[in-house]
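Input: a single structure, listed below in structure tokens.
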Amino acid sequence: MYKRIIRPLLFLFDPEKVHHFTFGWLKFVNRIPLVPALLRARYQLKDKRLEREVFGIKFPNPVGLAAGLDKNAELFSELSSLGFGFIEIGTVTPKPQPGNPRKRLFRLVEDKGIINRMGFNNDGVEAIIARLKKNKQVIIGGNIGKNKWTENEKAHEDYLYCFGQLAPYVDYFVVNVSSPNTPNLRSLQEKEPLQKLLTLLQEANGKLPKPKPILLKIAPDLTDEQLLDIIDIVKQTSIAGVIATNTTISRDGLASPNRVETGGLSGKPLTKRSTEVIRFLAEKSGHSFPIIGVGGIHSPEDALEKLHAGASLVQLFTGFIYEGPALIKRINKALLSE
């Protein structure tokens, strides 16, 4: 029903307006008695064989929601009812910021993709913490970044602040230095500044009563040499793992008119490259650290391919929008069938 009726209707309207409408609708229906239970019965698949223990956390299933959809931790409980094993919020910055000017979100229907240049629009860490305090049992990842106006030389201060504030309320952290939509952010992926940033975060992590897993989210546009640097940095800083990958700035092979828009491209055009990065990191590192695979997962086969390439967990974003919530259960069923 989603792909035949609901998606065609939603795709008639501006994607950012649809996002806000859908969030509002999900909040509303989940306040109706019995609806949350009905959603869980329809979409959740519970089976001990789906459980995964990764970087010290036991996940009920390996299919999570990638950062960017629930930026402000507004809907993590409701989204969890749709079958996700974990929810990643953010990207969160120290201070609220509106992001880039609209229009900044574009569907590429012919390519099953999305281009966004949102620019870390979020309510700021304090407002997000207030919502996370209501969390009871959802596994939450905290994706953190810097404010747009913070110079790269002081970027570590923003990351450390978000880390310290969010630590009591999230289960793991993701360091986002790979979004193409914040000026000069991707230069923090270079070896020297990245190693410094992760070292400082690990020092702060070591002072917590119970340290949190810290992961690095990388771009799919890195060269093999840069990926080898990432492997070395993970080893040197002892962070918990890598999320591969963020959105791409490549536009190769696209057919949609919106391909000319600037921003990060996600969805089906990223499927192959994301899997290549996962396989490269897993093989070259000797499978020495966990990888969360994300990028172009639109079917159970796409998810299985990433897991077979070396991912321990997977995340959905654009595939969830194009294929609907039933995709989560279909992936988990495919895992049980293997």
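All residue numbers in this chain count up from 1 along the given sequence.
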Roughly how far, to the nearest 0.5 Å, is [atom2] of [Y] from [atom1] of [X]?
{"X": "D47", "Y": "L45", "atom1": "CG", "atom2": "CG", "value": "6.5 Å"}
{"X": "K17", "Y": "T22", "atom1": "NZ", "atom2": "OG1", "value": "14.0 Å"}
{"X": "I291", "Y": "S285", "atom1": "CD1", "atom2": "OG", "value": "5.5 Å"}

According to a hydrophobic-cluster definition based on side-chain heavy atoms being under 4.5 Å apart (Ile, Leu, Val, Met, Phe, Trp, Tyr only), do [X] and [Y] belong together?
{"X": "L201", "Y": "V174", "result": "no"}
{"X": "I321", "Y": "L327", "result": "yes"}
{"X": "L198", "Y": "I231", "result": "yes"}
{"X": "I249", "Y": "L108", "result": "no"}
{"X": "L26", "Y": "I89", "result": "yes"}

Is a side-chain N or O of [X] found less than 3.5 angstrom from the main chain of [Y], in a donor-acceptor match?
{"X": "Q97", "Y": "G119", "value": "yes"}
{"X": "N100", "Y": "R117", "value": "yes"}
{"X": "Q165", "Y": "L160", "value": "no"}
{"X": "S80", "Y": "F76", "value": "no"}
{"X": "T93", "Y": "N147", "value": "no"}
{"X": "T223", "Y": "Q226", "value": "yes"}
{"X": "N135", "Y": "V138", "value": "yes"}
{"X": "N116", "Y": "M118", "value": "yes"}

Nearest heavy-atom pair of [X] and [Y]: which atoms, and what distance?
{"X": "P269", "Y": "L254", "value": "CG-CD2, 3.6 Å"}
{"X": "A282", "Y": "G310", "value": "CB-CA, 4.0 Å"}
{"X": "Q189", "Y": "S178", "value": "OE1-CB, 3.3 Å"}

Under 3.5 Å, is there a donor-acceptor pair linking the side chains of [X] and [Y]?
{"X": "N152", "Y": "S187", "value": "yes"}
{"X": "Q195", "Y": "Q236", "value": "no"}
{"X": "K306", "Y": "T275", "value": "yes"}
{"X": "S299", "Y": "E301", "value": "yes"}

Side-chain heavy atoms of [X] within contact of [Y], under 4.5 Å:
{"X": "I57", "Y": "P213", "answer": "yes"}
{"X": "I87", "Y": "I139", "answer": "no"}
{"X": "L194", "Y": "I230", "answer": "yes"}
{"X": "I128", "Y": "V125", "answer": "no"}
{"X": "L265", "Y": "R251", "answer": "yes"}
{"X": "S274", "Y": "P220", "answer": "no"}
{"X": "V294", "Y": "I243", "answer": "yes"}
{"X": "F320", "Y": "F84", "answer": "yes"}

task = Start with the C-alpha gap between L166 and L132, add the side-chain angles, then the distance that decides, and say whether side chain to side chain contact (heavy atoms under 4.5 Å, CB included) holds.
result = CA-CA 9 Å; L166 283 171; L132 289 175; 3.8 Å; yes
Does [atom1] belonging to [X] count more than 12 external heavy atoms closer than 6.0 Å?
{"X": "E192", "atom1": "CD", "result": "no"}
{"X": "K112", "atom1": "NZ", "result": "no"}
{"X": "K329", "atom1": "NZ", "result": "yes"}
{"X": "I32", "atom1": "CD1", "result": "yes"}

From R107, K103, R104, residue fulfilling salt bridge (charged side-chain N to carboxylate O under 4.0 Å, His left out) relative to E16 =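 Only match with E16 under salt bridge (charged side-chain N to carboxylate O under 4.0 Å, His left out): R104.
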ask   = Would R131 and D123 count as a salt bridge (charged side-chain N to carboxylate O under 4.0 Å, His left out) if you check the C-alpha gap in whole Å, the side-chain angles of each, and the deciding distance to 0.1 Å?
value = CA-CA 11 Å; R131 296 174 189 132; D123 293 342; 3.0 Å; yes
Is a salt bridge present between [X] and [Y], judged by a nitrogen-to-oxygen distance below 4.0 Å?
{"X": "R273", "Y": "E276", "result": "yes"}
{"X": "E51", "Y": "K48", "result": "yes"}
{"X": "E126", "Y": "K95", "result": "no"}
{"X": "K268", "Y": "D302", "result": "yes"}
{"X": "E78", "Y": "K27", "result": "no"}

request  = Just jot down the side chain to side chain donor-acceptor pair (under 3.5 Å) partners of R186, sequence neighbours excluded, or say none.
outcome  =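 For R186, the residues satisfying side chain to side chain donor-acceptor pair (under 3.5 Å) (neighbours in sequence not counted) are D221.
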message = Run the side chain to side chain donor-acceptor pair (under 3.5 Å) test against N61 and tell me which residues pass, sequence neighbours left out.
response =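 Counting only residues at least two positions away or on another chain, N61 forms no side chain to side chain donor-acceptor pair (under 3.5 Å).
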Test applied, side-chain hydrogen bond (donor to acceptor under 3.5 Å, both in side chains); reference residue, T91; option that passes from N181, N121, T182, N176 =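 By the side-chain hydrogen bond (donor to acceptor under 3.5 Å, both in side chains) criterion, T91 pairs with just one of N181, N121, T182, N176: N176.
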request  = Could you give me the CA-CA distance, side-chain angles and deciding distance for K191 and D232, then say whether salt bridge (charged side-chain N to carboxylate O under 4.0 Å, His left out) is met?
outcome  = CA-CA 9 Å; K191 189 170 186 179; D232 187 54; 2.9 Å; yes
ask   = Would L307 and L335 satisfy side chain to side chain contact (heavy atoms under 4.5 Å, CB included), going step by step from the backbone distance to the final call?
value = CA-CA 10 Å; L307 292 167; L335 286 166; 3.6 Å; yes
task = Kindly indicate, with the supporting measurements, whether the criterion side chain to side chain contact (heavy atoms under 4.5 Å, CB included) is fulfilled by L197 and V177.
result = CA-CA 10 Å; L197 172 60; V177 291; 3.9 Å; yes
Could you pull out every donor-acceptor pair under 3.5 Å between side chains of residues 203-212 and any protein atom, sequence neighbours left out?
from, atom 1, to, atom 2, distance (Å)
N205, OD1, K212, N, 2.8
N205, ND2, Q202, OE1, 3.2
N205, ND2, K212, O, 2.7
K212, NZ, A167, O, 3.2
K212, NZ, V170, O, 2.9

Inter- and intrachain pairs under ring-ring contact (aromatic ring centres under 6.0 Å, His included), touching [range], at least two apart:
{"range": "residues 27-68", "result": "F55-F59, F55-Y172, F59-F86"}
{"range": "residues 271-319", "result": "H298-Y322"}
{"range": "residues 120-168", "result": "F163-F173"}

inquiry  = What verdict does the side chain to side chain contact (heavy atoms under 4.5 Å, CB included) test give for L65 and Q315, after you've listed the backbone C-alpha separation in whole Å, the side-chain angles of each residue and the deciding distance to 0.1 Å?
reply    = CA-CA 5 Å; L65 177 68; Q315 290 178 324; over 6 Å; no
